[in-house]
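Scroll down for the structure; my scribbles are underneath it.
Just so you know, these numbers come straight off a predicted model, no measurement behind them. Worth knowing before you read on, the calculation uses all heavy atoms, side chains too, and leaves out hydrogens, waters and symmetry mates.
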Amino acid sequence: MPLPLPLVRLTINQLTTSRSNTFSKAKGLSMVTASSGGGAFTTLKERVSFDKEIKKSKFIAIAAPISDERSAFSFLTEVRESRATHNCWAYKIGDQFRSNDDGEPSGTAGKPIQSAIESSGIDRVMVVVIRHFGGIKLGTGGLVRAYGGVAAECLKNAQTCLVKSKVPMGLEVTFDLLGVLYHQLQSFQAEDIKQDYDTGKDNVTMVTFKVDFDKAESLEEALKANCSRDIVFYRS
């Protein structure tokens, strides 16, 4: 069970590369958020849909931002239609792609959806294309154009946002709190952890690290939960 953090007020400010810029001071611990770095990705702001009738078959494309495989399959379970002829899909999370034809001829549905995602430049996204068969077969080429086309139109109409994939952060911490700090960093799978004792302050070291963008808020909440006083955060 982690030790509780001391009763302090934490303040996060922007960290610059200049060592002359000081951290916001607190009793025993102060935190800052670094300037952007570590790369970024473009994803959807919110769920979006697009539908089109092609030779009496109705195609419904639904796209949503996802964070991992679990959220992808949760989204699929939510939107798939049991009465539909096919629920085909593809998703992209970084370098990871997966797709499924759901009964359509191999390579005629999932792969075209995946190609639409790749062409869009959008990451951490899933597109599900639901088909209600209208009685007219489209052929291999027709299926590829239909699934890829509605997926592309769906993503084209979507609002996107740029997300920092890693959030660089830094902490000035007294030596007696290093154990508590490293426990928190391990819990949130922080990376590139570095320690600098040259702070010009007695018994104080500077620790810098990077944490996943989607874990930064949870890290803040964890710090709040371990402190009995309000915590003020300033995010870049």
Side-chain angles (χ1 to χ4, degrees), residues 36 38-167 189 211-218:
S36 61
F41 62 90
T42 298
T43 192
L44 301 183
K45 279 188 176 181
E46 57 189 4
R47 189 176 300 189
V48 63
S49 63
F50 175 82
D51 62 84
K52 184 177 183 179
E53 184 175 308
I54 302 174
K55 293 186 178 180
K56 297 186 178 181
S57 283
K58 186 175 182 180
F59 290 84
I60 306 168
I62 309 173
I66 58 173
S67 57
D68 52 26
E69 185 176 68
R70 182 177 179 179
S71 65
F73 285 106
S74 176
F75 169 62
L76 175 62
T77 299
E78 179 185 348
V79 301
R80 67 178 297 123
E81 295 184 13
S82 59
R83 294 185 179 182
T85 315
H86 304 280
N87 292 273
C88 306
W89 53 266
Y91 71 72
K92 180 180 186 297
I93 304 171
D95 295 329
Q96 179 186 5
F97 283 95
R98 284 194 65 181
S99 63
N100 189 285
D101 295 311
D102 193 36
E104 293 282 28
S106 180
T108 63
K111 290 296 184 182
I113 299 171
Q114 177 179 318
S115 295
I117 294 174
E118 290 185 84
S119 298
S120 73
I122 299 173
D123 195 5
R124 300 196 184 189
V125 62
M126 184 175 200
V127 181
V128 179
V129 179
I130 302 163
R131 182 190 183 190
H132 292 274
F133 183 57
I136 300 176
K137 293 184 178 181
L138 301 183
T140 300
L143 289 172
V144 170
R145 288 189 293 273
Y147 280 100
V150 295
E153 285 296 324
C154 183
L155 294 173
K156 181 180 178 181
N157 296 331
Q159 290 188 328
T160 61
C161 58
L162 184 67
V163 176
K164 300 175 186 178
S165 56
K166 293 288 183 181
V167 179
Q189 299 177 313
V211 66
D212 288 343
F213 176 86
D214 52 7
K215 293 179 181 178
E217 184 175 351
S218 296

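A donor-acceptor contact shorter than 3.5 Å links the side chain of T43 to the backbone of D123. With hydrogens and angles disregarded, a donor-acceptor distance shorter than 3.5 Å links the side chain of D101 to the backbone of A109. Side chain of K92 to backbone of G94: a donor-acceptor contact under 3.5 angstrom is found.
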Check residues 124-139 and write down every donor-acceptor pair under 3.5 Å in which the side-chain atom is one partner and the other belongs to a residue at least two apart or another chain.
from: R131; atom 1: NE; to: S57; atom 2: OG; distance (Å): 3.3
from: R131; atom 1: NH1; to: E104; atom 2: OE2; distance (Å): 2.9
from: R131; atom 1: NH2; to: S57; atom 2: OG; distance (Å): 3.2
from: H132; atom 1: NE2; to: E81; atom 2: OE1; distance (Å): 2.7

For residues 46-53, which side-chain donor-acceptor pairs fall under 3.5 Å, sequence neighbours excluded?
from: R47; atom 1: NH1; to: E78; atom 2: OE2; distance (Å): 3.1
from: R47; atom 1: NH2; to: E78; atom 2: OE1; distance (Å): 3.2
from: R47; atom 1: NH2; to: E78; atom 2: OE2; distance (Å): 3.4

Please output the side-chain donor-acceptor pairs of residues 61-72 that fall under 3.5 Å, not counting sequence neighbours, one pair per line with the distance.
from: D68; atom 1: OD1; to: R70; atom 2: N; distance (Å): 3.3
from: D68; atom 1: OD1; to: S71; atom 2: N; distance (Å): 2.8
from: D68; atom 1: OD1; to: S71; atom 2: OG; distance (Å): 3.2
from: E69; atom 1: OE2; to: Y91; atom 2: OH; distance (Å): 3.1
from: E69; atom 1: OE2; to: R98; atom 2: NH1; distance (Å): 3.0
from: S71; atom 1: OG; to: S67; atom 2: N; distance (Å): 3.0
from: S71; atom 1: OG; to: D68; atom 2: N; distance (Å): 3.1
from: S71; atom 1: OG; to: D68; atom 2: O; distance (Å): 2.8

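The 12-atom threshold is not exceeded at NZ of K58, counting heavy atoms of other residues, nucleotides or ligands nearer than 6.0 Å. Heavy atoms from other residues, nucleotides or ligands lying under 6.0 Å from CZ of R145 number 12 at most.
Expressed to the nearest 0.5 Å, how far CZ of F41 lies from CG of L162 amounts to 8.5 Å. To the nearest 0.5 angstrom, F59 atom CZ is 8.5 Å from C88 atom SG. Taking CD1 of I113 as the reference point, atom SG of C154 lies at 10.0 Å (rounded to 0.5 Å). Of the inter-residue distances, the one linking L76 atom CG with N87 atom CG reads 7.0 Å to the nearest 0.5 angstrom.
Looking at every heavy atom in both residues, G110 comes nearest to A90 through O-CB, 3.7 Å. Closest approach of V211 to K215, counting heavy atoms only: CG2-CB, 4.0 Å. Scanning all heavy atoms of the two residues, the minimum distance from A146 to I54 falls at CB-CD1, 3.7 Å.
With contacts defined as side-chain heavy-atom distances shorter than 4.5 Å, the pair D212/K166 qualifies.
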